[in-house]
Amino acid sequence: MSFPWLTVLMVVPLVGAVLVAALPRSRPELAKWTALGVSLVSLGISLAVLAQFDLDSGGFQLSEQHEWIEPLGVHYALGVDGIGLTLILMTTILVPIVIVAGWNDADGARWSVKTFFALMLALEGLVIGVFAATDVFLFYVLFEAALVPAYFLIGGYGGARRSYAALKFLMFSLAGGLLMLASVIGMWVISSSQGDPSFLLADMKDLSVGTVEGRWLFLGFFIAFAVKAPMVPLHTWLPDAASAATPGTSVLLVSVLDKLGTFGMIRFCLGLFPEASEWASPVVITLAVISILYGALLAIGQDHMMRLIAFTSVSHFGFIVLGIFALTSQSASGSTFYMFNHGLSTAALFLIAGFLIQRRGSARISDFGGVQKIAPIMAGLFLIAGLASLSLPGLSTFVGEFLVLAGTFTRSTTAAVFATLGIVLAALYILLMYQRTMTGPLREDNRGVTDMVPREIVAIAPAVVLLIGLGLFPQPILDLVNPAVSETLEHVQVGDPEPKTPSFPIAEGSSK
Amino acid sequence: MTVEPFIGLSALLFAIGAIGVLVRRNAIVVFMCVELMLNACNLSFVTFARAHGNLDGQVAAFFVMVVAAAEVVVGLAIIVSIFRTRRSASVDDASLLKL
Amino acid sequence: MTSMSSIVLAASEHADVVPVAADGVFSWMWLLVAIPAVSAAILLIGDGAGDHGPLDRFGHLLGTAAAIASFVVGVVGFVALLGQDVAERAVTQDLWTWMQVGGFDVTMSVYYDQLSALFVLLITGVGSLIHVYSIGYMAHDPRKRRFFGFLNLFIAAMLVLVLAGDYLVLFLGWEGVGLASYLLIGFWQEKRSAAVAAKKAFIVNRVGDLGLALGIMLMFAQFGTTNIHEVGLNVTNASQSVATALGLLLLLGACGKSAQVPLQSWLLDAMEGPTPVSALIHAATMVTAGVYLVVRSAAIYDLSEVARTAVVIVGCVTLLFGAWIGCAKDDIKKALAGSTMSQIGYMMLAAGLGPAGYAFAIFHLITHGFFKANMFLGAGSVMHGMNDDVDMRHYGALRKLMPLTFITFAMGYLAIIGFPGFSGFFSKDRIIESAFATNFWAGLAALLGAGVTAFYMTRVMILTFFGERRWREDVHPHESPKIMTVPLIVLAALSVVGGALTFSDWIEDWLTPVTGSEHHELGVPAWVITLIIVAVVAVGASLAYVLFARRDVPDTAPQQVSVFTRAGRADLYGDAVNEAVFMRPGQYLTRSLVYVDGTGIDGAVTGTAELVGDGARGLRRLQTGFVRTYAAEIFGGALVLVLALLAVNLA
């Protein structure tokens with residue numbers, strides 16, 4: 001038995017959460033530093049996991065497996081492939097950023113500061129568990145458990161409509177989760193009818209599921225993931241939650257928690273129900289394209305900055321889902337890469353918008369104007385984050401988005417053409433927001449806005465560095481993702497479409 | 001032995017208690033009517049125990065008595081504290097348990 | 001365009017090119033991009049280091065040095081390329097794998113050939129001169145350092161664009177220059193008009209990018225590669241419709257970047273940027289990227305006549321469109337911007353002629369880069385002396401006070417109208433000739449354009465440098481400092497002698513391996529056409545002389561003008577059309593979608609929740625709080641139960 005890396009990775013934040021929660025209420029600074037320390041330790045462990053990961057051997061690695069509930073065939077089983085590891089890295093990178101950026105966010109709240117950071121760490125641990133779970137039941141349990149800290153983070157520390165938003169978020173997620181529970185039970189029934197029941201992903205993949213049953217069970221999983229992702233028309237909880245929560249919570253919600261949905265689609269929808277996934281792909285692709293355009297158009301129509309960013313995410317999640325269900329290696333790898341970078345770019349946008357809102361005391365775009373004059377660093381970083389959101393080539397989001405589009409194009413030209421319209425709309429919503437907040441003559445009532453302090457710069461800088469660095473050198477992460485994606489697609493039994501034009505015989509010695 | 005008169009008495013007592021619970025407003029009287037119903041049941045238990053010649057009914061009666069005693073303690077305490085705060089023992093005045 | 005159909009163009013000529021791996025000097029070509037990129041990074045990141053650090057004092061020198069260093073590398077590369085065999089003049093160097101997934105493999109590579117080499121020289125050469133000029137022009141701007149950072153960023157991105165060996169890398173540069181253009185148009189962002197113009201430029205360009213992006217996706221779907229060279233080889237196997245689709249999609253991209261109709265509306269607004277930016281980005285280099293794209297994709301256009309015809313039509317329409325606008329504007333920069341559109345229209349027209357015109361498109365692109373940069377910088381020098389007033393009606397009689405600016409501007413003027421012997425004469429003459437040789441109507445449009453060009457440029461010249469003084473009171477015109485006039489002199493010299501590139505057909509021969517070549521015989525001797533062109537130009541110039549030099553110039557633009565002038569002043573209603581067709585319906589759409597989302601989709605969810613809530617509120621009334629009601633309910637329930645049991649037992 002080798003060292004249980006993944007368990008440690010998952011348990012460290014959870015233990016940290018308990019530790020932070022146990023600290024005396026009167027010393028909030030101590031809680032903050034402890035939380036930051038724990039999150040950095042987690043980041044370190046995740047990097048160690050990355051170092052252990054063998055790029056060449058593929059499959060699930062660093063696996064652990066123990067019986068949990070024997071009669072039901074439930075295991076405590078963890079393991080990562082390239083997709084899961086990428087998303088775990090994203091989580092461990094984002095949590096310290098959020099903690100540093102949200103250092104003072106909980107200071108005036110009704111609940112205590114230490115609880116805020118404890119909840120963040122708890123969320124981190126649970127989400128890592130979800131990304132690493134290779135047992136369907138364990139996945140389900142952690143998937144639902146992650147709602148709890150998220151609910152309290154929104155409901156305990158948000159703005160005016162936090163209770164409403166928290167409840168809405170919980171109800172949407174629970175409704176989806178219920179459908180997934182039904183499907184999980186359905187899978188167990190099928191599993192137990194074909195020998196000893198087992199919830200292990202590897203075992204469930206090999207079950208022979210009837211076509212009709214498979215499609216129903218697929219739907220249960222898919223709807224739960226579509227709520228999380230969020231796809232139109234199941235998206236309306238997100239703008240409310242993002243506008244009511246603190247910026248840091250919004251980041252954890254949109255950048256991390258929502259990824260559980262798209263991650264689930266790759267691992268469980270495609271993994272467990274290959275036939276049904278292919279069957280559903282035309283509808284899902286249509287919905288994804290609608291999400292892209294609809295989210296973008298709604299973002300253009302928003303005046304509330306956080307709602308605007310939330311709608312941009314609806315649009316971006318449309319791209320991610322499109323890439324997954326276009327079922328080509330380019331689009332699926334692109335989707336995974338996009339998940340990682342969407343996490344970074346949206347985090348930067350949410351956090352900087354949060355800094356702005358905190359200083360101005362209003363989230364309305366129409367209350368701003370000319371901020372660039374007095375806060376040039378903030379304006380510059382905001383622009384970079386915005387450009388990442390509109391997928392400017394050279395920033396890492398472009399790589400993901402273009403791979404999704406190029407892959408989709410080989411499968412469905414129509415979908416790709418409509419999805420590409422999203423890049424024009426993205427330019428509109430980002431640049432309109434930037435123009436209205438940052439440029440123009442400085443408004444008198446904006447004079448109080450100060451530039452970013454070093455703590456805030458330190459929080460945003462890693463995200464910006466990664467966005468630019470991975471924009472030019474995305475291959476390390478793509479190398480991590482590619483084997484996992486091609487295994488998944490092999491399981492679905494679809495290959496990439498061949499180039500339609502026979503290739504010209506290239507002369508000997510010519511370079512590429 | 002004939003059980004009919006005992007059962008008849010028991011039914012009568014139970015009916016009196018039930019009607020008392022339904023029509024009286026004074027909490028103490030309602031409470032006593034509840035006791036009356038309990039004791040009507042006890043009478044039935046004991047009667048059937050005698051008729052069947054075993055102790056099951058007697059045991060059940062004991063249980064009822066114990067429960068009744070506990071209930072008296074809690075119930076009277078509630079009634080007294082309500083009376084202290086509201087200067088009234090009418091059950092219709094204490095209708096706060098609603099939305 | 002019937003006369004074109006008879007010509008089936010062979011792609012084989014440039015399919016022969018076999019790129020060779022870079023060695024020696026060529027393996028250092030990446031420095032071209034790296035130097036300005038690093039300099040830009042230093043200048044921009046240093047932003048946080050306080051406002052009066054050493055970078056603020058010397059940042060502009062660093063930026064200028066970076067541009068010049070890049071130019072030196074470009075010259076060395078060019079000389080080395082001259083020394084290569086013709087067959088080995090396409091040099092390629094793979095730097096690293098940008099992205100590779102399955103069959104999708106994009107390499108960051110440097111592709112340095114005859115075409116790139118010319119562009120590199122133009123970009124870094126004119127770019128360096130404009131950097132030098134900006135030292136003087138932006139001397140008093142508090143954010144000078146950032147300005148030079150953005151300029152360096154632009155140079156780097158533009159070089160990525162022309163050195164790319166892969167369409168996706170080209171797209172990286174393409175968007176990079178778009179970003180630099182956005183940042184520089186909006187450099188004075190505290191002016192709302194500048195910020196709006198910047199945004200508009202970016203968004204209109206994105207519409208064009210849509211075409212380029214879809215074109216790249218189509219390449220991947222069809223050929224499994226986006227490498228420019230391989231696409232060029234493979235496209236010969238593709239069907240006609242694929243080549244046409246590719247050609248039209250790339251044309252859409254080119255229209256956006258090169259401000260061609262119908263995506264022209266952003267260029268006039270882009271004049272909100274500082275004048276050196278207008279000279280570098282919106283005249284000499286970036287806006288010609290569309291022409292570069294078409295020429296670089298020659299292999300695709302050779303196969304599709306429809307696409308080529310579309311390019312010709314776009315070119316013809318834009319060259320007249322821009323010239324028309326140029327006639328009506330009083331703002332000197334906007335008049336020049338209209339002229340830029342028009343001249344790029346010429347290049348597009350030439351590029352649309354196929355191998356017969358590619359080389360001339362590039363030739364005109366280079367000479368235009370010289371003389372238009374020269375004139376923009378001259379205009380900047382005039383504005384510098386006139387307190388940044390741009391209205392030509394407030395100028396007049398400046399030739400004595402700004403002799404250097406006047407002379408250099410005049411060189412540019414003579415070049416653009418095609419005065420015999422000047423660079424523009426050769427380049428425009430070639431385009432009009434080959435247009436006539438291919439299609440009479442295209443030739444006629446180009447000829448007409450030449451006349452109109454002479455008209456509006458003469459107007460600019462007269463209003464600015466001749467006639468009466470019409471200055472505002474507090475304006476004291478003066479010649480600009482040397483740091484600004486020296487670049488003017490260099491560019492003026494280039495405007496004069498730039499035509500030498502075509503002596504003994506050098507540029508045609510140089511570019512033949514890239515673009516192929518083809519010569520169409522005219523029905524008449526070439527000198528006849530030349531004579532006609534010169535005559536038309538003379539007519540245009542004299543007309544302007546009669547209209548503007550002989551009469552007084554009103555201080556404010558007269559309102560009682562012909563419908564043509566009014567249309568020209570309104571940019572031929574480009575903005576009005578965009579607003580009516582896209583903006584208003586778009587706003588309506590977003591507003592109604594926001595409503596639908598709130599009441600429809602979210603309404604369905606919250607509605608369900610409220611329905612449940614209402615039901616619960618109804619049931620809640622059963623809880624009265626009266627103990628006796630509860631007791632009655634219990635007894636009632638018990639009674640029902642007993643009766644039911646009895647009924648069952650008795651039945």
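Quick note on labels: first sequence line is chain A, next is B, and so on, each numbered from 1.
Neither the backbone nor the side chain of C:S193 has a heavy atom closer than 4.5 Å to any heavy atom of chain A. Contacts of A:D451 with chain C are absent, with no heavy-atom separation under 4.5 Å from either backbone or side chain. Both the backbone and the side chain of C:V207 come within contact range of chain A, each with at least one heavy atom under 4.5 Å from a heavy atom of that chain. Contact annotation for A:S331: neither backbone nor side-chain heavy atoms come within less than 4.5 Å of a heavy atom of chain C. In this structure, the portions of C:L218 lying under 4.5 Å from any heavy atom of chain A include both its backbone and its side chain. Of the two parts of C:Y111, neither the backbone nor the side chain holds a non-hydrogen atom closer than 4.5 Å to a non-hydrogen atom of chain A. Looking at A:F311, the atoms closer than 4.5 Å to chain C (heavy atoms on both sides) all sit in the side chain, from C-beta outward. At a 4.5 Å heavy-atom cutoff, A:Y429 makes no contact with chain C through either its backbone or its side chain. Looking at C:W98, both its backbone and its side chain come within 4.5 Å of chain A, counting heavy atoms on both sides. Using a 4.5 Å cut-off between heavy atoms, A:Q330 contacts chain C through both its backbone and its side chain.
Between A:Q475 and C:M99, the shortest heavy-atom distance links the atoms OE1-CA, 3.1 Å. Shortest non-hydrogen contact noted between C:V101 and A:S329 is CG1-O, 3.3 Å. A:T439 and C:A195 make their closest contact through OG1-CB, 3.1 Å (heavy atoms, listed as atom of the first residue, atom of the second, distance).
Rounded to the nearest 0.5 angstrom, C:L183 CG and A:L383 CG are separated by 6.0 Å. In this structure, the separation between CE on C:M108 and CG on A:L472 is 5.5 Å, given to the nearest 0.5 Å. Here NZ of A:K500 is found 10.0 Å from CZ of C:F220. Values are rounded to the nearest 0.5 Å. To the nearest 0.5 angstrom, A:Q435 atom CD is 10.5 Å from C:Q189 atom CD. A distance of 10.0 Å separates CE in C:M583 from CG in A:L428, rounded to the nearest 0.5 Å. For the atom pair C:R206 CZ and A:T420 OG1, the distance stands at 11.0 Å (nearest 0.5 Å).
Of all the listed residues (A:L405, A:L421, A:I423, A:T408), the one sharing the greatest number of non-hydrogen pairs under 4.5 Å with chain C is A:I423. Contacts with chain C were tallied for A:T328, A:I300, A:V399, A:T413; A:V399 has the most, counting heavy-atom pairs under 4.5 Å. Among C:Q100, C:R192, C:R591, the residue with the largest count of heavy-atom pairs under 4.5 Å with chain A is C:Q100. Contact count versus chain C (heavy atoms, under 4.5 Å) is highest, among A:A332, A:P497, A:G301, A:P474, for A:P474. Ranked by heavy-atom pairs shorter than 4.5 Å toward chain C, the options A:H235, A:M438, A:M452 are led by A:H235.
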Please tabulate, one pair per line, all N/O donor-acceptor pairs under 3.5 Å involving side-chain atoms of residues 291-299 of chain A, not counting sequence neighbours.
residue : atom : partner : partner atom : Å
A:S291  : OG   : A:V232  : N            : 3.0
A:S291  : OG   : A:L287  : O            : 3.2
A:Y294  : OH   : C:D597  : OD1          : 2.7

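Side-chain polar atoms of A:T501 and C:Q222 form a donor-acceptor pair below 3.5 angstrom.
C:E190 is not listed as a side-chain neighbour of A:L442, based on a closest heavy-atom distance of 4.5 Å or more. In this structure the side chain of C:F171 reaches within 4.5 angstrom of the side chain of A:P393, judged on heavy atoms. Residues C:M217 and A:F402 have side chains in contact (heavy-atom distance under 4.5 Å, counting atoms from C-beta outward).
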For this session: Dump the intermediate steps for side chain to side chain contact (heavy atoms under 4.5 Å, CB included) on A:D496 and C:F104, then the final yes or no.
Result: CA-CA 10 Å; A:D496 291 343; C:F104 189 74; over 6 Å; no
For this session: Please test C:F202 against A:L390 for side chain to side chain contact (heavy atoms under 4.5 Å, CB included), starting from the C-alpha separation and ending with a verdict.
Result: CA-CA 11 Å; C:F202 197 94; A:L390 64 79; 4.1 Å; yes
Problem set entry | Verdict with reasoning, A:W237 to C:V605, per side chain to side chain contact (heavy atoms under 4.5 Å, CB included) | CA-CA 10 Å; A:W237 64 269; C:V605 177; over 6 Å; no
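Residues passing the salt bridge (charged side-chain N to carboxylate O under 4.0 Å, His left out) test with C:D602 are A:K168, sequence neighbours excluded.
The number of heavy-atom neighbours closer than 6.0 Å to NZ of C:K191, taken from other residues, nucleotides and ligands shown, is above 12. The 12-atom threshold is exceeded at CZ of A:F473, counting heavy atoms of other residues, nucleotides or ligands nearer than 6.0 Å. Under a cut-off of 6.0 angstrom, the local environment of CZ in A:R307 is crowded, with over 12 non-hydrogen atoms contributed by other residues, nucleotides or ligands.
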